Asker: 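Here you go, one structure.
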Amino acid sequence: MINRFALCWLLLMTSLTAQAQLRLPRLISNGMVLQRNTPLTIWGWAQAGEKITVRFTGKTYKATTDNAGIWRLTLPPMPAGGPFSMAITGGASRLTLTYILLGDVWFCSGQSNMVHQMNIHDVTYAGDIAEANYPQIRQFWVPTLTNLQGPVTDFPQGEWKAAVGENVRPFSAVAYFFAKKLYQRYKVPIGIINASVGGTPIEAWMSEEGFTGMPVQQTLIDKNKDTAYVNSLSRRAAAAPRPAPPADLGLAGAVNWYAPAYTPKGWRNINVPGYWEDQGVKDLNGVVWYRREVQLPASMAGRAAGVFLGRIVDADELYINGKPVGRTTYQYPQRRYKVPADVLKPGRNVFVVRVTNTAGKGGFVPDKPYCIFAGADTVDLKGTWQYKVGTAFRPVSRANPDGGSPAVGISAQNQPTALYNAMVAPAIDYAIKGFCWYQGESNAGRPQEYEPLQRALIRDWRRQWKQGDLPFLYVQLPGFMDYNYLPSESSWAVLREAQRNALSVPNTAMVVAIDLGEWNDIHPDNKKDVGERLALAALKLAYHENVVYSGPLYQSATIDGNRIIISFDHVGSGLVTSDGEAPGEFAIAGSDKKFVWAKARIDGGTVVVWSDEVPSPRYVRYAWADNPVNPNLYNKEGLPASPFRTDTP
């Protein structure tokens with residue numbers, strides 16, 4: 001029997017052995033893509049004072065771990081090529097990495113539109129997924145992590161995967177089409193490190209040093225390092241009184257409302273798609289049940305099928321003939337459910353959807369596909385359904401002077417430095433070609449703050465990577481939300497302006513995506529054009545090709561009597577409109593800044609704008625809206641003009 005002292009000694013030795021074992025960061029692993037033509041840092045951990053040997057491409061490199069057990073060495077610049085193997089030895093440990101490529105590595109980051117995988121858009125890009133066979137395009141997907149204390153040194157998991165077959169499904173769609181375009185042009189391996197999280201602000205992606213000169217954020221960073229403070233908010237959230245939610249009548253009776261034996265009583269008509277607040281149900285957050293009897297042809301009976309239910313705000317559960325078919329817990333994904341072969345019957349089939357909404361308008365988002373299909377048969381699901389309210393939620397106050405909700409406490413992923421510390425810091429020693437950034441939606445509510453933050457982010461990341469002014473490519477927000485047919489103010493337009501102004505930072509390029517949005521979806525389906533426009537910007541900034549890589553950008557405005565003449569950069573081969581009509585979305589104002597729609601015409605490389613209502617014009621705007629109706633000004637290379645205004649405060 002082992003005595004207590006012996007057991008403690010055994011545990012100590014086991015711990016020391018584990019700490020001393022040769023270990024590599026997750027990024028340095030099988031299948032990695034290393035940056036060509038630049039010095040490369042290879043690093044890891046082992047016992048203090050351990051002699052480390054790295055053998056790569058026929059050469060040997062040596063290092064010794066420091067007192068903390070960290071070792072690092074530098075490989076010289078090497079051209080594109082591979083696959084190669086790398087052997088690393090330290091003491092009695094030996095690691096061998098295989099299938100290594102040398103090419104170009106891009107760090108891709110931002111929020112959900114950079115997250116969105118090919119798999120989410122597998123209807124639009126079914127052909128691209130089926131044809132994916134690019135073993136030299138690889139992605140390292142960084143898991144979603146936060147840390148409020150400070151930078152961490154490694155990711156807990158992650159691996160490099162090639163864009164081959166089904167493995168392409170987890171690739172960021174934007175990053176994949178970006179990489180594919182570059183690979184097809186240069187035939188060099190392309191590596192993508194994707195660190196992105198939906199619904200996150202730019203502040204979460206910056207390091208503490210990046211907030212130098214920003215006292216408000218620095219104070220919050222210091223507070224969040226106090227675990228007692230953070231834990232107190234969590235305890236307060238846990239202790240916050242929560243009224244028991246009222247019972248859902250659809251699940252509380254003797255027969256559930258989705259069951260075949262249920263007989264509907266007191267249901268009302270409602271249109272699908274559509275929001276219930278627009279159809280006679282006022283300010284309801286809660287559970288609403290939808291029901292419809294659908295006639296299906298005999299050819300669909302007993303067959304596996306698919307159901308498209310567009311998008312639903314917020315969560316839904318679909319039942320067909322009493323059987324659960326699919327469920328989604330939040331509003332953004334498109335509902336595309338598979339129906340097992342034993343569910344459908346010839347003739348009458350009962351569809352029931354239980355919709356839960358917690359804020360804003362609830363229901364079925366318009367202008368999305370709603371149908372069921374099997375083989376060559378498709379049955380439309382749009383039209384009149386019946387609805388009944390299962391429960392109505394009571395309003396809950398979420399005000400909290402400490403910045404967190406009393407119900408949920410602090411949302412770590414929204415705090416300054418939280419995502420940088422956990423998802424960016426472990427990669428800063430890994431040499432890269434440049435950055436791709438797609439973010440801003442979460443900052444659109446306070447757009448005046450965005451320009452200095454984006455400039456600070458660019459400076460911060462370049463400083464952290466220590467590779468000079470690396471190319472920084474980013475996407476300007478696309479159109480989103482309701483169309484407004486009168487000139488109006490717009491926080492999204494202000495944020496786009498902040499993004500455009502950040503182009504004054506050297507070696508940056510902005511992809512204009514105003515034409516790629518969807519009014520009813522913050523995650524537009526067209527990810528391919530975004531990725532390919534980013535690649536076009538890379539051709540110019542990173543590969544120094546003489547290409548037109550941007551749409552027209554406002555340069556200056558000259559007042560000529562009752563007209564304003566606008567000049568642009570990046571006109572390429574000339575200005576055109578996408579539809580052959582006169583330029584739209586121009587508004588003009590006098591000194592009172594009361595904007596009215598203007599007439600406009602292209603005159604060489606300029607646009608001339610005027611209105612009979614404004615005899616003495618002073619200011620002009622273009623596409624200044626959350627979602628401009630017809631932003632049709634382009635250059636002949638097919639790239640859209642960026643929104644702008646000349647009346648900047």
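Not measured: the values here are computed from a predicted model.
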Asker: Any cation-pi pair here, Arg621 with Phe644, using under 6.0 Å and within 45°?
Answerer: no
Asker: Supply the atom-to-atom distance Asp128 CG to Phe171 CZ, rounded to the nearest 0.5 angstrom.
Answerer: 13.5 Å
Asker: Rounded to the nearest 0.5 Å, what separates atom CG in Asn349 from atom CG in Asn321?
Answerer: 4.5 Å
Asker: What distance separates Arg336 CZ from Ile120 CD1, expressed to the nearest 0.5 Å?
Answerer: 10.0 Å
Asker: Salt bridge check: are Lys180 and Glu131 linked by an N-O gap of less than 4.0 Å?
Answerer: no
Asker: Check the pair Tyr474, Phe435 against ring-ring contact (aromatic ring centres under 6.0 Å, His included), reporting the backbone distance first and the verdict last.
Answerer: CA-CA 8 Å; Tyr474 60 95; Phe435 305 101; over 10 Å; no
Asker: So which pairs with a foot in residues 365-374 pass salt bridge (Lys or Arg N to Asp or Glu O under 4.0 Å), sequence neighbours left out?
Answerer: Lys368-Glu518, Lys368-Asp521
Asker: What residue pairs, at least two apart or across chains, pass salt bridge (Lys or Arg N to Asp or Glu O under 4.0 Å) with a residue in residues 257-281?
Answerer: Asp278-Lys361
Asker: Between Asp316 and Arg335, is there a salt bridge with N-O shorter than 4.0 Å?
Answerer: yes
Asker: Roughly how far, to the nearest 0.5 Å, is CD1 of Ile522 from CG of Asn113?
Answerer: 7.0 Å
Asker: Show, in sequence, the C-alpha distance, side-chain angles and deciding distance for Trp257 and Trp267, and conclude whether the ring-ring contact (aromatic ring centres under 6.0 Å, His included) test is met.
Answerer: CA-CA 11 Å; Trp257 289 357; Trp267 291 61; 5.5 Å; yes
Asker: State whether Asp248 and Lys388 are salt-bridged, where the test is any N-O pair (Lys NZ or Arg NE/NH1/NH2 against Asp/Glu carboxylate O) under 4.0 Å.
Answerer: no
Asker: Does Tyr125 form a side-chain hydrogen bond (donor to acceptor under 3.5 Å, both in side chains) with Asp525? I'd like the steps, not just the answer.
Answerer: CA-CA 9 Å; Tyr125 299 120; Asp525 218 21; over 6 Å; no
Asker: Could you tell me whether a side-chain N or O of Asp314 sits under 3.5 Å from a main-chain N or O of Thr358, the two making a donor and an acceptor?
Answerer: yes
Asker: Using 4.0 Å as the upper bound for N to carboxylate O, is an ion pair formed by Arg169 and Asp122?
Answerer: yes
Asker: Show your reasoning for whether ring-ring contact (aromatic ring centres under 6.0 Å, His included) applies to Tyr290 and Phe351.
Answerer: CA-CA 8 Å; Tyr290 287 72; Phe351 285 59; over 10 Å; no
Asker: Ignoring hydrogens and angles, state whether a donor on the side chain of Tyr622 or Ser642 is under 3.5 Å from an acceptor on the partner side chain.
Answerer: no
Asker: With side chains defined as the heavy atoms from C-beta onward, is the minimum distance between Tyr176 and Gln139 less than 4.5 Å?
Answerer: no
Asker: Distance only, no hydrogens: is a donor on one side chain within 3.5 Å (strictly under) of an acceptor on the other, for Gln476 and Gln499?
Answerer: no
Asker: Start with the C-alpha gap between Tyr634 and Thr577, add the side-chain angles, then the distance that decides, and say whether side chain to side chain contact (heavy atoms under 4.5 Å, CB included) holds.
Answerer: CA-CA 6 Å; Tyr634 284 67; Thr577 58; over 6 Å; no
Asker: Just so I know, are the side chains of Lys528 and Asn526 near enough to count as touching, which here means a heavy-atom distance under 4.5 Å?
Answerer: yes
Asker: According to ring-ring contact (aromatic ring centres under 6.0 Å, His included), who are the partners of Tyr319, at least two apart in sequence or on a separate chain?
Answerer: Tyr258
Asker: Please step through side chain to side chain contact (heavy atoms under 4.5 Å, CB included) for the pair His570 and Tyr549, ending with a clear verdict.
Answerer: CA-CA 8 Å; His570 302 285; Tyr549 67 97; 3.4 Å; yes
Asker: Passes side-chain hydrogen bond (donor to acceptor under 3.5 Å, both in side chains), Ser112 versus His523? Steps please.
Answerer: CA-CA 8 Å; Ser112 51; His523 305 120; 2.7 Å; yes
Asker: After noting the C-alpha distance and the side-chain angles of Tyr438 and Ser109, does the key distance pass the side-chain hydrogen bond (donor to acceptor under 3.5 Å, both in side chains) rule?
Answerer: CA-CA 7 Å; Tyr438 192 167; Ser109 186; over 6 Å; no
Asker: Go through the steps for Asn414 and Glu203 under the test side-chain hydrogen bond (donor to acceptor under 3.5 Å, both in side chains), then give the verdict.
Answerer: CA-CA 8 Å; Asn414 294 330; Glu203 294 94 326; over 6 Å; no
Asker: Apply the test ring-ring contact (aromatic ring centres under 6.0 Å, His included) to residues Tyr387 and Trp289: give CA-CA distance (whole Å), side-chain angles for both, the deciding distance (0.1 Å), then the verdict.
Answerer: CA-CA 5 Å; Tyr387 83 93; Trp289 292 74; over 10 Å; no
